[in-house]
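Structure first, then comments.
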Amino acid sequence: MTGPSMSMPVAGLVPAQRREPAQADLLVRNAKVFTGDPGRPEARAIAIRDGRVAALGDDHDLAHLVGPGTKVVDALGRRVIPGLNDSHLHVIRGGLNYVLELRWDGVRSLRQALAMLREQAGRTPKGQWIRVVGGWTAEQFAERRMPTVAELNAAAPDTPVFVLHLYQSALMNRAAVRAAGFTRDTPDPRGGQIVRGRDGEPNGVLLAAPSALILYSTLVKAPALDEADRRTSTRHFLRELNRFGLTSAVDAAGGFQNFPDNYATVVDLARSGELTLRIAYHLFPQTAGQELADLKRWTEVVKPGDGDEWLRLNGAGENLTWAAADFENFSEPRPELAEGYETEFESAVRLLLENGWGFRLHATYDETIRRDLAVFEKLASEGLFPGGNRWLFDHAETVSAGSLDRIAALGGAVSVQNRMSFQGAAFLDRYGAEAAAHTPPVRAMLDRGLTVAAGTDATRVSSYNPWVALHWLVTGRTVGGTSLYPAGNLIDRETALGLYTRGGAQLTGEQDVKGTLREGSYGDLAILSDDYLTVPEGVIPDIESVLTVVGGRIVYATAEYEGLDDALPPVSPEWSPVARFGGYQSGARQASLVAEAVAESEQHRRWRVARGSVPQTTPSFVDPCFDH
């Protein structure tokens, strides 16, 4: 079969020629299945029973598995892949806040972004903030610039607006500065700067210099959701991730994510069977000076592997001690970590090893990685490291060849994220093209046989769209089209997909049941809108799933499959930006919003002309609010 079938997809009861006790629960037929399994790389059909892959083959090979209770889905010749697994996603924190956020992910014009903000200002009730929290960069806009504080003030004069830009800075309008309580007397926090005007008053710009804590500590001053809305928010965020074919994620914890309080929502959803994404989570000490006490307490009450195939503890990190963390604000010089942080860091690692805990470590720069490796090598000389425990470095943008050799010798792994998709231009400006060419050196990692997994570091740096990350891996280009890497640091599409499937499974010790489509593996897959393996490179970031399956259950369905997934409760609160704009702005969604905005603008212009408020002129569709 060389092209899509002209038949429509079928869901429901399908009569069988004979009674078959081992019938499938779900059968996907007429597909181009990429299995990720070298032993059987391709198939035309896949059957799932009891949440696991029961069989693969051609349509006629699996026909005997169709019974009265089998749901049959015609893929219409589309590409099917194993479900994607983001190996570094702040999914728990993202879910708790998703419906409060105005996402500029995928928006291609600053004008459109500001129009979204202005409309949301009219929807947001008094006392609430508008939050644009990551997933975008100025390079993605046609205008190639960030908004100004004046534009924020014009778009939302009375509603507090907080716009986070990567881990570099934040912009606040006048209302947000007041709501946050910033005055001329507010001191700059350590590692951060409140930018001020000539009069000494805060002007609405916050800088990570280089610590991002000033950005996050300001953001948490905004109102939070109650428990019912946190639950709804998390369900909608997981559905949004399913939209792109994600079926698993490794949660990297993060700042202001406290255990167990901030984990209660996903625990509740797991107990009620309402998770649509498999989550392996980490625990991250939140309070400087209290890290060892937190880690000790956790090792006494939980252990890695606790949970089930839907929600399970994977280890500690991405920070173990605050003093050992470097910050990746590439607009600022590399931070110099304090002398002697290794003493406390070694105690933390030793405690984890003695209790059978693996861990992950945030480390952007090779200077940090070298110091951490020295601690591991000391413990290894004592026969303690790694002691059978999984461990990895996250990010590793500037890791050296020598450090990669040392990581390999110690049995470590690396999780890379497409932060350079969004921060590549800043890195180029500071360090130059030669340094950027292998940042991170993914090809060199793979050549050494290291386990490498891919992810995004969403939601506050990169976007959670995995196809943007996959595009970066195979092309070496930023979201603005800047080329970063030579051919020698690029990987082919199948290898990149492996980092997003098998790689993440290896980090959680689930490689035998996750990351490939073969008999006995989890029934996790996605039917894609476009064939990732053959489309032009420029199309890759626009790929979405049209049907996503986790454990044999359809968790996302659109196009011809609309309605095959379970209904979600309405977005709450009603004024949520997600209720109006959704999440990631695809090209089709943006076109629809622009068309609506143009139509509304023209209707309003005619209303004003009829009342003599403005002269009869040809409309420009340019709001003077944004004409600066």
Q) Does Trp136 have its ring centroid less than 6.0 Å away from the ring centroid of Phe422? A) no

Q.
Give me each pair satisfying side-chain hydrogen bond (donor to acceptor under 3.5 Å, both in side chains) with a member in residues 378-387, each pair once, sequence neighbours excluded.
A. Glu346-Lys378, Arg350-Glu382

Q | Ring centre gap for Phe327 and Tyr167 strictly below 6.0 Å | A | no

**Q.** Check ion pair Glu318-Arg360 (N to O, under 4.0 angstrom)
**A.** no

(Q) I'd like to know if Arg103 pairs up with Glu101 as an ion pair, taking the criterion as any Lys NZ or Arg NE/NH1/NH2 lying under 4.0 Å from an Asp or Glu carboxylate oxygen. (A) yes

Q: For this output row, return yes or no: ring centroids of Phe345 and Phe359 closer than 6.0 angstrom.
A: no

Q. Quick one: side-chain hydrogen bond (donor to acceptor under 3.5 Å, both in side chains) pairs with a partner in residues 456-465, sequence neighbours left out?
A. Asp86-Thr456, His88-Asp457, His90-Asp457, Asp105-Ser463, Glu240-Tyr464

Q) Under the salt bridge (Lys or Arg N to Asp or Glu O under 4.0 Å) criterion, do Arg419 and Glu397 qualify, and how do the steps go? A) CA-CA 9 Å; Arg419 304 191 306 182; Glu397 275 88 357; 2.8 Å; yes

Q: Using the side-chain contact (heavy atoms from CB on, under 4.5 Å) rule, pick out the option among Asp394, Ile369, Asp372 that qualifies with Leu361.
A: Asp372

**Q.** Partners meeting ring pair (Phe, Tyr, Trp, His ring centres under 6.0 Å) with Tyr341 (sequence neighbours left out)
**A.** none

Q | Distance-only donor-acceptor check, side chains Glu201 and Thr183, under 3.5 Å | A | no

Q.
Among residues at least two apart in sequence or on other chains, which ones pass ring pair (Phe, Tyr, Trp, His ring centres under 6.0 Å) with Phe182?
A. none

Q.
Measuring from atom CG of Asp429 to atom OG of Ser331, what distance do you get when rounded to the nearest 0.5 angstrom?
A. 8.0 Å

Q.
Determine whether a donor-acceptor pair (N or O, by modelled atom type, separation under 3.5 Å) exists between the side chain of Arg184 and the backbone of Asp199.
A. yes

Q: Identify, with sequence neighbours excluded, every residue that meets salt bridge (charged side-chain N to carboxylate O under 4.0 Å, His left out) alongside Asp294.
A: Arg297

Q) How are the rings of Trp322 and Phe284 set relative to one another: parallel (under 30°), tilted (30 to 60°) or perpendicular (over 60°)? A) tilted

Q | Evaluation steps, side-chain contact (heavy atoms from CB on, under 4.5 Å), between Ile491 and Val442 | A | CA-CA 8 Å; Ile491 56 179; Val442 177; 4.3 Å; yes

Q. Counting only N and O atoms by type, is there a donor-acceptor contact under 3.5 Å from the side chain of Asn314 to the main-chain atoms of Tyr281?
A. no

Q) Are any of the side-chain nitrogens in Glu367 or Arg371 under 4.0 Å away from the carboxylate oxygens of its partner? A) no

Q. How would you list all residue pairs meeting side-chain hydrogen bond (donor to acceptor under 3.5 Å, both in side chains) that involve residues 401-411, not counting sequence neighbours?
A. Asp366-Ser403, Glu377-Arg406, Ser400-Ser403, Asp405-Arg448

(Q) Taking Val149's backbone N and O only, do any of them form a donor-acceptor pair with Glu151's side chain (distance below 3.5 Å, no angle check)? (A) no

